[in-house]
Amino acid sequence: MAGMPLPPDGTPLPKSVQEMSVNHDEPPPEFLFKNNILGLSYSSTPPDSSVSVPIIDLSLLSTDVEQEKLRSALTSVGCFQAVSHGIPGQLLDKVREAAKQFYALPLEDKQKYSRAVNDVEGYGHDMRVTDKQVLDWHSRLFLRVFPEHQRKLNLWPEYPENFRKILHEYSLKLKHMMDHLFKAMAKSLNLEENSFSKQFGDDPIMQVRFNFYPPCSRPEMVLGVKPHSDRSGITVLLQDKEVEGLQVVQNDTWITVPVLPHAFVINLGDQMQIMSNGIFKSPLHRVVTNTDQLRISVAMFNEPEQDREVGPVEKLIDAGRPRVYKNVKNYAAFNYECFQKGKVALEEVKIDV
Ligand SMILES: O=C(O)CCC(=O)C(=O)O
Ligand SMILES: [Fe+2]
């Protein structure tokens, strides 16, 4: 693909996903997978009781038992549901409500916050990078929340009126929680508690993505988000309060992450897999669509400071476990380039043995 001109990201969709959904349109070919994507494991077979997403009580993370549960979750499935995290349910409801009200605005009002062509920040659709790309059935609002001076406030909705205030409050709380998680993850591997956080620097990047998945008439052929692993260190995901859709791979099966209204889904990202020298797993996940319910989720990602190098923690490298990954810098952008070329970024930064 190298050297081939890419179709401009600006190629407009004839209609937005939201409009197509409202009109019950048949999704256009760009959105369709060739085969049925759901398979028996999703549509009819109840999940095997041995496969599930672990639940971890964050208020108990100083105990050996909970730390062992954390280590076990991150070395196997790579994600868990966090409960007793200390963030009030009322705030979570406000975040969901603000997202819902923004999404309910007329399209032209939302488009005041549109992302520019070839930029990720702002409101819009899946970025189009190749003509072979199967498009995701969703729209999103993607914003950088930290460092604070890098916020592009012109892209932060002014309606609902409290949107900016709620997002600011929510981001601060999540930053605190991510710090707490980084420490617990380090301790669960018998490392100094700042082993991961210090690699991210004093002013790490945090970005939020509000995902809107309207109903789709062909859920068996169309995905809300294609299979991917996150580019982040960790991702804190607030699922819709009622509507399921997120699935992760476990034992070669897609399993649905159940809705726990006041829990967060914590997904380990690629950069944490690198820093842990491959001990923790960055899980492959996707989002399925449904025929009759809007689903909204809010994902918060952390990343190291711009131009900061991260790599496997020295103490996790030894004769029995040689270094698996090279050091990486600006991995999110690199990951995105790989995605454009159809490559898997984590494989590209592996050390050849
Ligand atoms: O909507 C979800 O549940 C997950 C979204 C996701 O994977 C992402 O934004 O990276
Ligand atoms: Fe994701």
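Along the sequence shown, the residues carry numbers beginning at 1. All ligand and atom numbering here is 1-based and tracks the order in the structure.
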Report task. Apply the salt bridge (Lys or Arg N to Asp or Glu O under 4.0 Å) test between Glu121 and each candidate in Arg115, Arg140, Lys152; give the one that qualifies. Result -> Lys152
Query raised in the report: Is there a donor in the side chain of Asn302 and an acceptor in the side chain of Ser232, or the other way round, less than 3.5 Å apart?
Result: no
Which pairs of N or O atoms, one from ligand 1 and one from the protein, are separated by less than 3.5 Å, and what is the distance for each pair?
{"unit_1": "ligand 1", "atom_1": "1 (O)", "unit_2": "Tyr213", "atom_2": "OH", "d": "2.7"}
{"unit_1": "ligand 1", "atom_1": "1 (O)", "unit_2": "Arg295", "atom_2": "NH1", "d": "3.0"}
{"unit_1": "ligand 1", "atom_1": "1 (O)", "unit_2": "Ser297", "atom_2": "OG", "d": "2.6"}
{"unit_1": "ligand 1", "atom_1": "3 (O)", "unit_2": "Arg295", "atom_2": "NH1", "d": "3.3"}
{"unit_1": "ligand 1", "atom_1": "3 (O)", "unit_2": "Arg295", "atom_2": "NH2", "d": "2.8"}
{"unit_1": "ligand 1", "atom_1": "7 (O)", "unit_2": "His228", "atom_2": "NE2", "d": "3.2"}
{"unit_1": "ligand 1", "atom_1": "7 (O)", "unit_2": "His285", "atom_2": "NE2", "d": "3.1"}
{"unit_1": "ligand 1", "atom_1": "9 (O)", "unit_2": "Asn211", "atom_2": "ND2", "d": "3.2"}
{"unit_1": "ligand 1", "atom_1": "10 (O)", "unit_2": "His228", "atom_2": "NE2", "d": "3.2"}
{"unit_1": "ligand 1", "atom_1": "10 (O)", "unit_2": "Asp230", "atom_2": "OD1", "d": "3.3"}

Requested in this report: For Glu314, enumerate each residue passing the side chain to side chain donor-acceptor pair (under 3.5 Å) test, keeping only those at least two apart in sequence or located in another chain.
Outcome: none
Requested in this report: Run through the protein N/O/S atoms less than 2.8 Å from the Fe ion (ligand 2) and write them out by chain and number.
Outcome: His228 NE2, Asp230 OD1, His285 NE2
Query - Criterion side-chain contact (heavy atoms from CB on, under 4.5 Å) on Ser84 and Asp57, from CA distance to verdict - result: CA-CA 5 Å; Ser84 300; Asp57 183 327; 3.2 Å; yes
Query raised in the report: Listed by chain and number, what are the side chain to side chain donor-acceptor pair (under 3.5 Å) partners of Tyr170, not counting sequence neighbours?
Result: none
Query raised in the report: With a 4.0 Å cut-off, would you call Lys329 and Asp307 a salt bridge?
Result: no
Requested in this report: Taking atom types as modelled, find out whether Gln247 and Thr256 have a side-chain donor-acceptor pair closer than 3.5 angstrom.
Outcome: yes
Query raised in the report: Looking only at atom types and distance, does a side-chain atom of Arg295 sit under 3.5 Å from a main-chain N or O of Val243, one as donor and one as acceptor?
Result: yes
Query raised in the report: With distance as the sole criterion, is a donor-acceptor pair present between the side chains of Glu303 and Tyr331 under 3.5 Å?
Result: no
